[in-house]
Number of protein chains: 2
Amino acid sequence: MRQTSDPELACPVAPVVDIVFSRWTTPILWSLHTYGRQRFVELERRLTSITPKVLTERLRRLERDGLVSRTYHAEVPPRVEYEITELGASLGPLFAHLTTWADENLARVDEARAAYDERR
Amino acid sequence: MRQTSDPELACPVAPVVDIVFSRWTTPILWSLHTYGRQRFVELERRLTSITPKVLTERLRRLERDGLVSRTYHAEVPPRVEYEITELGASLGPLFAHLTTWADENLARVDEARAAYDERR
DNA sequence: CTGCATCCCTTATGATACTG
DNA sequence: CAGTATCATAAGGGATGCAG
């Protein structure tokens with residue numbers, strides 16, 4: 001939980017940020033949305049630098065928030081599959097909007113940084 | 001810096017998240033966008049629980065990224081005004097989109113949480 | 001394979017006091 | 001007013017080992 005209740009008073013988007021934009025959540029949602037239902041190891045491999053501990057934590061949280069669903073198959077060895085829910089998929093247009101903004105403006109951010117750094 | 005370079009490989013929105021959705025950045029941008037140009041103290045009062053140290057850090061970063069501009073008036077006492085830039089303001093529609101999603105889906109997240117918690 | 005339990009460490013954030 | 005400096009604390013995340 002990065003944002004506490006107070007910032008929310010000043011900003012209506014704060015609660016969403018807390019749910020959707022915590023660390024690792026966008027890459028996880030993006031993977032599930034783009035490549036479909038996946039096993040734990042598949043996600044682990046795709047998010048190259050994540051540790052199993054952290055991946056588990058994030059998936060639990062996303063499951064609790066209703067953005068991801070978890071299916072356990074009692075086999076040997078066990079198989080667990082994760083899939084984005086309808087609620088999670090409803091973030092799709094938002095992510096697309098975000099990508100568009102990035103394409104159009106990220107270069108300007110870089111320029112601003114370069115200019116700022118040069119001034120010192 | 002919450003997101004490192006690796007998650008970016010798996011997710012095109014990760015870089016934007018890093019810039020726009022770090023802690024305190026949305027309340028700050030929201031305040032400047034909604035209430036216009038403001039002094040340091042005004043922001044401090046609006047974001048009720050932020051400390052001057054953290055507010056300074058965030059404003060510096062937003063300034064470096066070109067989302068906020070800082071104007072220093074050499075008076076006694078000194079007066080410093082912060083204002084959202086054109087680049088910062090270009091996030092407006094995105095924030096609106098976010099707010100819409102929140103209005104429509106936050107209740108479903110709450111339900112999912114309640115259901116999840118009850119299952120244990 | 002999936003993932004929980006520990007331990008440990010770094011970093012981020014917060015509280016407090018103090019300057020130009 | 002607009003910060004800076006210092007210290008304290010908590011949270012995030014990595015490493016390792018083990019269990020179902």
Side-chain angles (χ1 to χ4, degrees), chain A residues 1-8 10-11 14 17-19 21-28 31-32 37-64 68-83 120, chain B residues 1-8 10 14 17-28 31-32 37-64 68-83 116 119-120:
Chain A
M1 221 91 68
R2 286 169 40 248
Q3 309 272 357
T4 50
S5 54
D6 241 6
E8 299 177 14
C11 177
V17 171
D18 215 21
I19 295 167
F21 299 106
S22 299
R23 185 149 152 91
W24 286 112
T25 57
T26 54
I28 291 173
S31 279
L32 292 176
R37 167 186 299 212
Q38 285 165 78
R39 305 179 60 164
F40 188 88
V41 237
E42 296 181 274
L43 281 170
E44 198 177 353
R45 282 175 195 140
R46 224 181 281 281
L47 314 175
T48 48
S49 65
I50 199 169
T51 62
K53 176 198 165 193
V54 174
L55 180 55
T56 301
E57 288 170 356
R58 299 298 139 170
L59 285 170
R60 286 292 172 284
R61 183 171 171 180
L62 289 169
E63 188 193 358
R64 186 171 106 97
V68 161
S69 69
R70 175 181 183 271
T71 314
Y72 178 84
H73 303 272
E75 306 168 355
V76 181
R79 182 164 56 95
V80 179
E81 290 184 313
Y82 293 92
E83 189 172 16
R120 341 266 110 187
Chain B
M1 220 91 70
R2 284 169 39 248
Q3 311 270 357
T4 49
S5 54
D6 241 6
E8 300 177 14
V17 171
D18 214 22
I19 294 166
V20 180
F21 299 107
S22 299
R23 185 148 153 91
W24 288 112
T25 57
T26 54
I28 292 172
S31 280
L32 292 176
R37 168 185 297 212
Q38 285 165 79
R39 307 178 60 163
F40 188 88
V41 240
E42 296 181 273
L43 281 170
E44 200 177 351
R45 283 177 194 139
R46 224 182 281 282
L47 314 174
T48 48
S49 65
I50 199 170
T51 60
K53 177 198 163 193
V54 174
L55 180 55
T56 302
E57 289 169 358
R58 298 299 137 170
L59 285 170
R60 287 288 174 287
R61 182 169 171 182
L62 288 168
E63 188 192 357
R64 187 171 107 98
V68 161
S69 70
R70 175 179 182 272
T71 314
Y72 179 83
H73 303 273
E75 306 169 355
V76 181
R79 182 163 55 95
V80 178
E81 290 185 313
Y82 292 92
E83 190 173 14
Y116 183 95
R119 279 200 293 275
R120 337 268 114 184

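Below, chain A is the first sequence line, B the second, and so on; all start at residue 1. The structure displayed is predicted, hence computed values, not measured ones.
- Rounded to a whole Å, the CG atom of B/Leu47 is 15 Å from the P atom of C/dT13.
- The residue B/Pro78 sits close to a base: some heavy atom pair falls under 4.0 Å.
- We find the OG1-CD distance between B/Thr51 and B/Glu57 to be 7.5 Å, quoted to the nearest 0.5 Å.
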### Task
Given side chain to side chain contact (heavy atoms under 4.5 Å, CB included), test B/Ile28 with B/Leu55 step by step and report yes or no.
CA-CA 9 Å; B/Ile28 292 172; B/Leu55 180 55; 3.9 Å; yes

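- Note on ring orientation: taking the six-membered ring where Trp is involved, the planes of A/Tyr82 and A/Phe40 are tilted (angle from 30° to 60°).
- For D/dA2, the OP1/OP2 oxygens have no side-chain nitrogen or oxygen of B/Arg60 closer than 4.0 Å.
- Close to C/dT2, at under 4.0 Å from its OP1 or OP2, lies a side-chain N or O of A/Arg39.
- A sub-4.0 Å separation between OP1 or OP2 of C/dT13 and a side-chain N or O of B/Arg58 is present.
- Between A/Thr51 and D/dG13, a side-chain N or O to OP1/OP2 separation shorter than 4.0 Å is absent.
- Regarding contacts with the backbone of D/dG3, a side-chain N or O of B/Arg70 is found under 4.0 angstrom from either OP1 or OP2.
- Contact between the side-chain N/O atoms of B/Arg45 and the OP1/OP2 oxygens of D/dC1 is found at a separation under 4.0 Å.
- Protein atom CD of A/Glu57 is 11 Å distant from nucleotide atom C1' of C/dC4, rounded to whole Å.
- A/Leu32 places none of its side-chain heavy atoms less than 4.5 Å from the side chain of A/Leu62.
- Atom OH in B/Tyr72 sits about 10 Å away from atom P in D/dA2, given to the nearest Å.
- If you take CG of A/Leu59 and P of C/dG3, they are 8 Å apart, rounded to a whole angstrom.
- Contact annotation: B/Arg79 side-chain N/O to D/dA2 OP1/OP2 distance is not under 4.0 Å.
- Across the protein-nucleic acid pair, A/Ile50 atom CD1 and D/dG14 atom P stand 8 Å apart, rounded to whole Å.
- Between the side chain of A/Lys53 and the base of D/dG13, at least one donor-acceptor pair of N or O atoms lies under 3.5 Å.
- Between A/Tyr82 and the phosphate of C/dG3, there is a side-chain N or O to OP1/OP2 separation shorter than 4.0 Å.
- In this structure, B/Glu75 atom CD and D/dG3 atom C1' are separated by 16 Å, rounded to whole Å.
- We find that CD of A/Glu44 is positioned 10 Å from P of C/dG3, with the value rounded to whole Å.
- Rounded to a whole Å, the CG atom of B/Leu55 is 8 Å from the P atom of D/dG3.
- A donor-acceptor pair is defined here as one N or O able to donate and one able to accept, closer than 3.5 Å; no such pair exists between the side chain of B/Glu63 and the backbone of B/Arg70.
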